[in-house]
S.K.: 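Okay, handing you the structure first.
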Amino acid sequence: MNNQERSNSRKRLGELLREKSYLDEAGLRIALAEQQVQARPLGQILLDLGYITQGQLYEALALQVGIEKVDLAGVSLGTDMIGLVPAELVSKYNVLPLWREDGRLAVALTDPFQPQVIDDLRLVTGCPVKRYFADPVEMEDAILKFYGSNVARMMDDLVPAEQRTGSELENGDFSPAKLHELAREPSLVNLVNLIILEAIEARASDIHIEPFEHRVKIKYRIDGMLVEQTPSSKRLQAAIISRIKIMADMNIAERFVPQDGHIEFVGKNGRIDIRVSTIPTVFGEAIELRLLDRTASLMGLEELGMNPQSLEGFMKCLRKTHGIVLVTGPTGCGKTTTLYAALSEIYSPAVKMITIEDPVEYQLEGINQMPVNPKRGLTFATGLRHILRHDPDIVMVGEIRDRETANIAIRAALTGHLVFSTLHTNDAPGAVTRLIDMGVEPFLLASSLEAVLAERLVRKICPLCKESYHPDEVLLKNLNGSGEIQSGTKFYHGKGCHECGQTGMSGRTGIFELLRVTDKLRQLIASKPTTEQIIRGAPADHVSMVHDGIAKVLNGVTTPEEVFRVAKTITEEE
């Protein structure tokens, strides 16, 4: 032990934490006073009070007992060192082999105070162990760098790289019995479970498994963008797909017709519902899994990202006693989340509310929710007819897909019901022309429509690596074409950090366009207008989606590129 280590060993825990600037004097006094009452370890009290993190506590305790801290950013491991400690131990204990010194194996640990870890490492490697402390974030990066993700390691264990020859690349047809046998192998069961778990931990909304000629690609959709993961060996294709189909209660023998299924999966934080869809492709079945977290709390209207003007206008529509309110946008833009937030906002035990959805994504307390079932003849149109016989005050139709559903919804709105629904259109004015094209009578639509809310989701700038920057001239030109930008306006983007996966973006918010139907617009809608005529006839305070997005750019919430990615195409000529 050197002089510095002896000095640290004589220091109290609180003193070391203060020297590291992890704790201030006031926090230390509060914790010491708490210790007088509770007679518990000071470190545990500081953790419970939220004054320090677990990593900070371990670092201070390591200093106190003379365990050095190692900087993993500059560490380089050879294949001999990587092969010395199995990947399972590395992941289980958050440990990394470093080097050999004086006959001992140096290892980095985020928690260097677990005797069981040291014993297991000594047993596996046959070497006495010297401990070093490592920062948890650096450890995670280093394990990913030298050992890869858990899924990648498991796939490599199932089909080692040296066995991946040209012969495995052929699509082999297996009998249903053989597929069942492959899919029930414990290693395959664990691999598929791990793919789903890693997607959940990465905040993915979807998992895409896509077979190609020489490999099977696995992609997670995170914050609306596809992120490619380590591809699977072609040899595992039939087993992975068969395993997922068994979990989703699909026909494992049918490989040439699209199928839909459902999985109830228990993650670390609770139940996850997974919608599964398969389609046949040239190189086998492609599978899409939509992850719906039942434990996630529903968002309130104020949390969606609406500007105050749009929020106020939308709230007025929610207080109507009858009429139809539409939310429009492409698949995955947050339409259902917005409608759920709206229903939760106006829910009252004195009001009967019924929904018909495909599927029911979240269960709403006190609201009757009906899933469609086309196989049994329960479509949106037939379900809506029966709903109206139950004397509802408020009805939500998951989606208007055809003329029949549109007409029933419009007539329900005209006969004293408040109706909410969704439609797939690019903007709010487009919803009017779309419904007329479906066959809805313009004068009926004019009398019943109260508002159309169009929306998109944009990624937010990561708060941990946010920094100001100057966008290129083409972007500024496009911004000025959409709204006046003052000179000297600051723009922000994310530099990229560990927390956001080096993307500079973390989480999403909405950009919105609310078209309120005024008397002037009602007269216009009755005359079967074009989209351009509706835009010109919109109220003077109407805000387009692009302008709402630019307002969020100027407020430092998102980037110009992100707004134009979802709401407008940038070209050199604009």
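Note that the numbering runs from 1 along the sequence shown for the chain.
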S.K.: Any chance you could measure Met306, atom CE, to Thr509, atom OG1, to the nearest 0.5 Å?
M.R.: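 If we round to the nearest 0.5 Å, Met306:CE and Thr509:OG1 are 10.0 Å apart.
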
S.K.: Of all the heavy-atom pairs spanning Val566 and Leu457, show the shortest one and how long it is.
M.R.: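 Residues Val566 and Leu457, closest heavy atoms: CG1-O, 3.6 Å.
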
S.K.: Counting only heavy atoms not in Asp437, do more than 12 sit closer than 6.0 Å to its CG atom?
M.R.: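 More than 12 within 6.0 Å, yes.
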
S.K.: Would you check if Met299 and Tyr340 make a side-chain contact, meaning some heavy-atom pair closer than 4.5 Å?
M.R.: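 Contact flag for Met299/Tyr340 side chains = no.
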
S.K.: When you check the gap from the basic side-chain N to the acidic O, do Asp260 and Arg275 get nearer than 4.0 Å?
M.R.: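 Here Asp260 does not pair with Arg275 in a salt bridge, since their nearest N and O are not under 4.0 Å apart.
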
S.K.: Can you list the steps and then say if Glu513 with His542 is a side-chain hydrogen bond (donor to acceptor under 3.5 Å, both in side chains)?
M.R.: CA-CA 8 Å; Glu513 174 185 17; His542 176 75; 2.9 Å; yes

S.K.: Can you check whether Ala551's main-chain N or O pairs, donor with acceptor, with Asn555's side chain at less than 3.5 Å?
M.R.: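 The answer is yes, because a donor-acceptor pair under 3.5 Å joins these two groups.
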
S.K.: Quick check against the 3.5 Å criterion: does Arg508 have a side-chain atom that pairs as donor or acceptor with the backbone of Cys333?
M.R.: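 Between the backbone of Cys333 and the side chain of Arg508 there is no qualifying donor-acceptor contact (under 3.5 Å).
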
S.K.: Closer than 4.0 angstrom, basic N to acidic O: yes or no for Lys219 and Glu288?
M.R.: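 No.
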
S.K.: Flag the pair Asp358 and Arg401 as a salt bridge only when some basic side-chain nitrogen lies within less than 4.0 angstrom of an acidic carboxylate oxygen.
M.R.: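 Yes, this pair counts.
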
S.K.: Report the residue from Ile354, Thr355, Leu384 that forms a side chain to side chain contact (heavy atoms under 4.5 Å, CB included) with Val397.
M.R.: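 Output: one option passes, namely Leu384.
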
S.K.: Which is it for Met396 and Leu343 under the side-chain contact (heavy atoms from CB on, under 4.5 Å) test, yes or no, and what are the steps along the way?
M.R.: CA-CA 9 Å; Met396 184 190 106; Leu343 292 178; 3.6 Å; yes

S.K.: Distance-only, no hydrogens or angles: does the Thr382 side chain make a donor-acceptor pair with backbone N or O of Thr379 under 3.5 Å?
M.R.: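 Yes; judged by distance alone, with no hydrogens or angles, the pair exists.
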
S.K.: Would you call Lys335-Glu399 a salt bridge at under 4.0 Å N-O?
M.R.: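 No.
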
S.K.: Within the distance-only criterion (no hydrogens, no angle test), does the side chain of Thr422 pair as donor or acceptor with the backbone N or O of Gly398 below 3.5 angstrom?
M.R.: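 Yes, Thr422 side chain to Gly398 backbone: donor-acceptor pair under 3.5 Å.
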
S.K.: Between Gln533 and Lys528, is there a donor-acceptor pair closer than 3.5 Å when you use the side chain of the first and the backbone of the second?
M.R.: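 Such a contact is absent between Gln533 side chain and Lys528 backbone.
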
S.K.: So, Asp548 side chain and Phe512 main chain: donor-acceptor pair closer than 3.5 Å or not?
M.R.: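 It does hold such a pair.
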
S.K.: Any non-hydrogen side-chain atom of Ile218 less than 4.5 Å from a side-chain atom of Ile195?
M.R.: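 They are in contact (side-chain heavy atoms under 4.5 Å apart), so the answer is yes.
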
S.K.: Using atom types as modelled and distance alone, determine if a side-chain donor or acceptor of Lys552 lies under 3.5 Å from a backbone N or O of Lys460.
M.R.: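 Side chain of Lys552 to backbone of Lys460: no pair is present.
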
S.K.: Using the side chain to side chain contact (heavy atoms under 4.5 Å, CB included) definition, which of the options Ile274, Ile272, Asp249 pairs with Ile263?
M.R.: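 When side chain to side chain contact (heavy atoms under 4.5 Å, CB included) is applied between Ile263 and each of Ile274, Ile272, Asp249, only Ile274 qualifies.
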
S.K.: Rounded at 0.5 Å granularity, tell me how far CD1 in Ile200 sits from OG in Ser205.
M.R.: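 With rounding to 0.5 Å, CD1 (Ile200) is 12.0 Å from OG (Ser205).
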
S.K.: Nearest 0.5 angstrom please: Leu326 CG to Phe420 CZ, how far?
M.R.: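 Answer rounded to 0.5 Å: 10.5 Å.
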
S.K.: Would you indicate whether the side-chain heavy atoms of Asp427 and Thr328 approach each other to under 4.5 Å?
M.R.: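 Side chain of Thr328 against side chain of Asp427, heavy atoms only: no contact under 4.5 Å found.
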
S.K.: Nearest 0.5 Å, please: how far is CD in Glu198 from CD1 in Ile207?
M.R.: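 Going from the CD1 atom of Ile207 to the CD atom of Glu198 covers 10.0 Å.
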
S.K.: Check this for me: does any side-chain nitrogen of one of Arg459 and Glu562 sit under 4.0 Å from a carboxylate oxygen of the other?
M.R.: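 Answer for the salt bridge query: yes.
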
S.K.: Give a yes or no on whether the backbone of Leu449 and the side-chain of Arg522 come within a donor-acceptor separation of less than 3.5 Å.
M.R.: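 Between the backbone of Leu449 and the side chain of Arg522 there is a qualifying donor-acceptor contact (under 3.5 Å).
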
S.K.: Is there side-chain contact between Cys500 and Leu464, with at least one heavy-atom pair below 4.5 Å?
M.R.: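 SC-SC contact between Cys500 and Leu464 ruled out.
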
S.K.: Under a 4.5 Å cut-off applied to non-hydrogen side-chain atoms, are Phe380 and Val372 in contact?
M.R.: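 Phe380 vs Val372: side chains touch.
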
S.K.: Salt bridge between Glu210 and Lys217, side-chain N to carboxylate O under 4.0 Å?
M.R.: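 No, this pair does not count.
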
S.K.: Do Glu254 and Gln259 pair up side chain to side chain, a donor and an acceptor below 3.5 Å, judged on atom types alone?
M.R.: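 Per modelled atom types, Glu254 and Gln259 side chains form no pair under 3.5 Å.
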
S.K.: Locate the shortest heavy-atom distance separating Gly383 from Leu378; write the atom from each residue and the value.
M.R.: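 Taking every non-hydrogen atom into account, CA-CD1, 3.6 Å.
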
S.K.: What closest approach, in Å, do Gln369 and Leu364 show between heavy atoms, and which atom pair accounts for it?
M.R.: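 The pair with the smallest heavy-atom distance is OE1-N, 2.7 Å.
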
S.K.: Using a strict 4.0 Å threshold on nitrogen-to-oxygen distance, state whether Asp541 and Arg516 make a salt bridge.
M.R.: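 Arg516 and Asp541: salt-bridged.
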
S.K.: Side chains of Cys462 and Met505: does their closest heavy-atom pair fall under 4.5 Å?
M.R.: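 No. Closest side-chain heavy atoms not under 4.5 Å.
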
S.K.: Run the numbers on Tyr492 and Glu467 for side-chain contact (heavy atoms from CB on, under 4.5 Å), then give the verdict.
M.R.: CA-CA 5 Å; Tyr492 295 89; Glu467 63 176 13; 5.9 Å; no

S.K.: So, are Arg385 and Glu404 salt-bridged, with charged N and O less than 4.0 Å apart?
M.R.: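 Looking at Arg385 and Glu404, the cut-off is met.
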
S.K.: How about CG on Asn426, more than 12 heavy atoms from neighbouring residues, nucleotides or ligands closer than 6.0 Å, or not?
M.R.: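 No - once you tally the heavy atoms of other residues, nucleotides and ligands closer than 6.0 Å, there are 12 at most.
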
S.K.: Determine whether more than 12 heavy atoms belonging to other residues, nucleotides or ligands lie under 6.0 Å from atom NE2 of His322.
M.R.: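 No - once you tally the heavy atoms of other residues, nucleotides and ligands closer than 6.0 Å, there are 12 at most.
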
S.K.: Taking the side chain as every heavy atom from C-beta outward, state whether Ile394 and Ile346 have any pair of such atoms under 4.5 Å apart.
M.R.: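 The answer is yes, as the side chains (C-beta and beyond) meet within the 4.5 Å cut-off.
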
S.K.: If we ignore angles and hydrogens, is there a donor and acceptor under 3.5 Å between the side chains of Glu561 and His493?
M.R.: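 Result is no, nothing qualifies.
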
S.K.: Checking side-chain contact (heavy atoms from CB on, under 4.5 Å) for the pair Leu291/Phe265: CA distance, chi angles, key distance, verdict?
M.R.: CA-CA 9 Å; Leu291 309 178; Phe265 189 85; over 6 Å; no

S.K.: Identify whether the distance between the nearest side-chain nitrogen and carboxylate oxygen of Arg290 and Asp206 falls below 4.0 Å.
M.R.: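 Counted as a salt bridge, because a side-chain N and a carboxylate O are separated by less than 4.0 Å.
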
S.K.: Do Val440 and Asn407 touch side chain to side chain, with heavy atoms closer than 4.5 Å?
M.R.: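 Val440 vs Asn407: side chains touch.
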
S.K.: Could you tell me which non-hydrogen atom of Val419 sits nearest to which non-hydrogen atom of Ala413, and how far apart they are?
M.R.: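 Where Val419 meets Ala413 most closely, the heavy atoms are CG2-N, 3.9 Å.
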
S.K.: Would the distance check show the side chain of Asp393 and the main-chain N or O of Lys352 forming a donor-acceptor pair, the cut-off being under 3.5 Å?
M.R.: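 Here the side-chain-to-backbone pair exists.
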
S.K.: Given side-chain contact (heavy atoms from CB on, under 4.5 Å), test Ile525 with Phe443 step by step and report yes or no.
M.R.: CA-CA 7 Å; Ile525 292 170; Phe443 71 92; over 6 Å; no

S.K.: Any idea which heavy atoms bring Ala381 and Ile408 closest together, and the distance?
M.R.: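 For Ala381 versus Ile408, the nearest heavy atoms are O-CD1, 3.6 Å.
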
S.K.: Distance check, rounded to the nearest 0.5 Å: Thr338 atom OG1 versus Phe314 atom CZ?
M.R.: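 Separation between the atoms: 7.0 Å.
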
S.K.: Looking at Ser527 and Leu524, would you say the former's side chain and the latter's main chain have a donor-acceptor pair under 3.5 Å?
M.R.: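 Yes, because the side chain of Ser527 sits within donor-acceptor range (under 3.5 Å) of the backbone of Leu524.
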
S.K.: Determine the minimum heavy-atom distance between Leu514 and Gly313, stating which atoms define it.
M.R.: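 Scanning both residues, the minimum pair turns out to be CD2-C, 3.6 Å.
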
S.K.: To the nearest 0.5 Å, how far apart are CG in Leu304 and CG in Leu311?
M.R.: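 The distance works out to 8.5 Å.
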
